[in-house]
Amino acid sequence: MKIGVLALQGDFAEHLAMLKKIGADAVEVRLPEHLDGLNGLIIPGGESTTIGKLSVHYHLIEPLREFGKSRAIWGTCAGMIFLSNDAGRDQPLLGLMDVQVKRNAFGRQLDSFETDLQIDELSEATKDDAPYHAVFIRAPIIESVGAEVKVLAALADGRIVAARQGRLLATSFHPELTDDSRFHKYFLSLAA
Ligand code: GLN
């Protein structure tokens, strides 16, 4: 299984390390030709405006859209914003997932926090139903989803923090910053 990580900005190194830990062939993607031969792609957390602008600069927008039509893409945090079709403001987006997101949804007082989530699809895919410890850093939330999108996880107050549309996966939080490799294994199953 060969998985790329978009390595323009943000915490791509942590995703690469986690992928290697679980035995995937993990490569950095910086140019369109780096997408050749990949089974899936992760877009990391960071700053979605910067990731978007750099993707425009390196002519990656259309190749990434093409890639996402037939292969798996997972966006974490800023990556989730970049995958969406509506971030409520003008910035470059891939528009692959039919989700409306809100950036920095937790405001200043609670801009970073951790919480346990019960994520049934993750438990089923990994045969492990321990709660999932999620790390949020100036995180976005998903405000609404289209008909093709399945909600995977929400906070106790109902705000959506993980969703899937076919092979496209979006999480508000950062599985690459924990020791729990279940989300990366689950993504490999989507990419297979
Ligand atoms: N606040 C960032 C944004 O809006 C996302 C933060 C993150 O990826 N940890 O792009």
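Quick note: residue numbers are just sequence positions, from 1. Only heavy atoms go into these numbers, but all of them, side chains included; no hydrogens, no water, no symmetry mates. Both ligands and their constituent atoms are indexed starting at 1 by order of listing.
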| query | How are the rings of Phe113 and Phe136 set to each other: parallel, tilted or perpendicular (split at 30° and 60°)? | reply |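 Phe113 vs Phe136 ring planes: parallel.
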| message | Over 60° means perpendicular and under 30° means parallel, so tell me whether His184 and Trp74 are parallel, tilted or perpendicular. | response | perpendicular
For [X], counting its heavy atoms only, list the atoms of ligand 1 lying under 4.0 Å from any of them.
{"X": "Ser48", "value": "3 (C), 4 (O), 10 (O)"}
{"X": "Gly45", "value": "8 (O)"}
{"X": "Glu47", "value": "10 (O)"}
{"X": "Ile81", "value": "3 (C), 4 (O), 10 (O)"}

For a 4.5 angstrom cut-off between non-hydrogen side-chain atoms, does [X] reach [Y]?
{"X": "Tyr58", "Y": "Arg30", "answer": "no"}
{"X": "Leu169", "Y": "Leu152", "answer": "yes"}
{"X": "Leu155", "Y": "Phe106", "answer": "yes"}

Provide, to 0.1 Å, the distance between [atom] and the closest protein heavy atom, together with that atom's residue and name.
{"atom": "atom 4 (O) of ligand 1", "answer": "Arg103 NE, 2.7 Å"}
{"atom": "atom 2 (C) of ligand 1", "answer": "Gly46 O, 3.6 Å"}
{"atom": "atom 1 (N) of ligand 1", "answer": "Asn104 OD1, 2.7 Å"}
{"atom": "atom 7 (C) of ligand 1", "answer": "Cys77 SG, 2.8 Å"}

| said: So does Gln100 get a backbone contact from the side chain of Ser84, meaning a donor-acceptor N/O pair under 3.5 Å? | reply: no
| query | Are any of the N/O atoms in Pro140 less than 3.5 Å from those in ligand 1? | reply |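 No: no nitrogen or oxygen of Pro140 is under 3.5 Å from one in ligand 1.
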| So, His133 versus Glu114: side-chain donor-acceptor pair below 3.5 Å or not? | yes
